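Throughout, residue positions are numbered sequentially from 1 according to the sequence presented. Keep in mind that what you see is a predicted model, and the values were worked out from it rather than measured.
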Amino acid sequence: MGSKVKRVKTAVVAGTQRGVAKAAGISLVAVWRVRTQSRAAVDKTRASAAQVMSAAQALVSSDLSTDINQLVAASVKGAPTVYDKAMDAAYLDPALRAGLGGSYHRLFDGGHTIAGAVRAAQGVSSDDTVVQEALGTIKALLRDASTPRGLPLATWDKSTYDSVAASLESNFNIPKEWFYELNTYDSADLLGGVIGVVSVIYRWNSADTEEFGRLACSIGMSAAVSANPLLMVVAIVAMARAFNKADSAEEFAELIDGSFKGALTSGASVAAIAVAGSAGAGAGLVLVVGVTAGVLAYKVSEKVSLVAVVRFAKDQATVILENVVETARLA
């Protein structure tokens with residue numbers, strides 16, 4: 001009787017264990033499926049976001065930059081404050097104004113870099129708290145950043161700047177206006193820099209060599225078109241990362257393909273925006289057209305391999321050359 005009870009208990013325990021194991025197995029499979037589906041959804045979202053960001057990157061280098069600056073200007077407009085006047089102190093001084101380049105004075109007066117603005121604003125209003133002083137300085141900077149002259153990255157000595165600008169124009173045909181743009185930034189440039197940084201961070205670990213090459217070239221092309229110094233720094237970092245990821249000849253080929261596709265995507269967005277703008281379309285429609293063209297170019301370029309085309313052309317040229325040589329030998 002005791003052995004029978006023992007056998008029954010053993011069977012119950014074994015059945016329970018099998019049930020638990022089966023339930024655990026089903027749970028593990030369910031968890032695995034959820035994780036797989038979630039990963040696929042995340043990857044799909046990443047791909048879609050990459051397409052949109054790649055297209056949007058070119059928008060800030062187009063005529064839309066003017067609309068962006070106007071929106072910022074409208075949000076911070078108002079009468080000049082003590083902080084505006086403090087930043088413009090050197091230019092407002094009649095004894096110094098003549099040597100500061102007129103409307104280009106922000107590059108030379110020392111009060112319009114971020115550090116210079118902070119120094120100029122310190123203690124100008126005894127009634128303001130530290131927080132009010134900081135907010136007043138930021139508002140003054142944004143007000144100047146939304147104007148065509150923008151804000152300087154660093155303060156130049158005017159004679160040195162004039163000498164370098166003249167040398168670049170005479171020796172390399174680099175216009176002085178473009179050189180000025182390269183040393184300054186506006187609200188649209190800031191937005192472009194933010195988009196570029198987000199794009200790079202977003203894809204830093206997950207992107208393959210081709211995708212990072214696409215991203216770097218897209219950012220670089222936008223930076224060159226808009227003469228955006230902030231975006232150029234981001235482009236250099238992205239390209240360095242792309243080269244770091246390319247550790248074989250095959251991956252360098254992917255880097256070339258990605259760079260070509262990035263240029264194609266940015267070029268499509270810029271061209272579409274130019275056409276829509278010249279047709280008199282509003283800013284909203286131009287934005288939609290630019291993003292759509294960029295996304296379409298992104299999708300189309302996925303099926304194109306510049307390296308494969310070059311290799312095919314090279315192989316065909318070799319075959320044709322060999323046939324010509326053989327024909328000439330037989331003749």
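Side chain of Glu169 to main chain of Ala166: no donor-acceptor pair is present (N/O by atom type, distance under 3.5 Å, no hydrogens or angles). Although no hydrogens or angles enter the test, the distance criterion places no donor-acceptor pair under 3.5 Å between the side chain of Asp186 and the main chain of Ser146. Of the possible donor and acceptor atoms, none in the side chain of Asn244 sits under 3.5 Å from a partner among the backbone N and O of Ala240. With hydrogens and angles disregarded, no donor-acceptor distance shorter than 3.5 Å links the side chain of Ser163 to the backbone of Ser159.
Side-chain contact between Leu151 and Tyr185: present, with at least one pair of heavy atoms (C-beta onward) separated by less than 4.5 Å. Using a 4.5 Å heavy-atom cutoff, the side chains of Leu142 and Lys139 are not in contact. Side-chain contact check for Lys77 versus Arg143: every heavy-atom pair is 4.5 Å or farther apart.
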Quick one, Tyr104 with Arg149, criterion side chain to side chain contact (heavy atoms under 4.5 Å, CB included). Give me CA distance, side-chain angles, the key distance, then yes/no.
CA-CA 7 Å; Tyr104 295 90; Arg149 297 301 183 207; 3.3 Å; yes

Report the C-alpha distance between Asp157 and Phe108 in whole Å, list the side-chain angles of each, state the deciding distance to 0.1 Å, and finish with yes or no for side chain to side chain contact (heavy atoms under 4.5 Å, CB included).
CA-CA 6 Å; Asp157 173 73; Phe108 313 112; over 6 Å; no

Using side chain to side chain contact (heavy atoms under 4.5 Å, CB included), reason through Ile219 and Met239 one step at a time and then give a plain yes or no.
CA-CA 9 Å; Ile219 293 174; Met239 187 56 72; over 6 Å; no

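Counted by atom type alone, Ser125 and Asp127 present zero donor-acceptor pairs between their side chains at under 3.5 Å. When only modelled atom types and interatomic distance are considered, Tyr83 and Asp88 share no side-chain donor-acceptor pair under 3.5 Å. Using a 3.5 Å distance cut-off with no hydrogens or angles, the side chains of Arg106 and Thr147 do pair a donor with an acceptor. Remark: the Thr81 side chain and the Asp84 side chain contain an N/O donor-acceptor pair separated by less than 3.5 Å.
Rounded to the nearest 0.5 angstrom, Thr155 OG1 and Asp109 CG are separated by 7.0 Å. With rounding to the nearest 0.5 angstrom, the CZ atom of Phe260 is 10.0 Å from the SG atom of Cys217.
Thr137 and Ala121 make their closest contact through OG1-CB, 3.2 Å (heavy atoms, listed as atom of the first residue, atom of the second, distance). Between Pro152 and His112, the shortest heavy-atom contact is CD-O, 3.5 Å. Of all the heavy atoms in Ala188 and Asn69, the pair that sits closest is N-OD1, 3.2 Å. In terms of heavy-atom proximity, Leu141 sits nearest to Ala117 at CD2-CB, 3.7 Å.
Tracing side-chain contacts under 4.5 Å through hydrophobic residues (I, L, V, M, F, W, Y), one reaches Trp178 starting from Phe172; they form part of the same cluster. Note: the hydrophobic cluster containing Leu182 also contains Val164 (ILVMFWY, side chain heavy atoms under 4.5 Å, direct or indirect links). Under the 4.5 Å side-chain heavy-atom criterion for ILVMFWY residues, a single connected hydrophobic cluster contains both Met232 and Trp156. Hydrophobic clustering (side-chain heavy atoms under 4.5 Å, transitive across Ile, Leu, Val, Met, Phe, Trp, Tyr) keeps Leu230 apart from Tyr180. Linking ILVMFWY residues whenever their side-chain heavy atoms come closer than 4.5 Å, directly or via other members, leaves Met87 and Val124 in distinct clusters.
Heavy atoms from other residues, nucleotides or ligands lying under 6.0 Å from CG of Leu96 number more than 12.
Ion pairing between a basic and an acidic side chain is recognised when a charged N comes within 4.0 Å of a carboxylate O; Asp162 and Lys158 show such pairing.
Of the listed residues (Asn228, Leu107, Leu153), just one forms a side chain to side chain contact (heavy atoms under 4.5 Å, CB included) with Thr184, and that residue is Leu107.
In this structure, the ring of Phe179 has its center less than 6.0 angstrom from the ring center of Tyr161.
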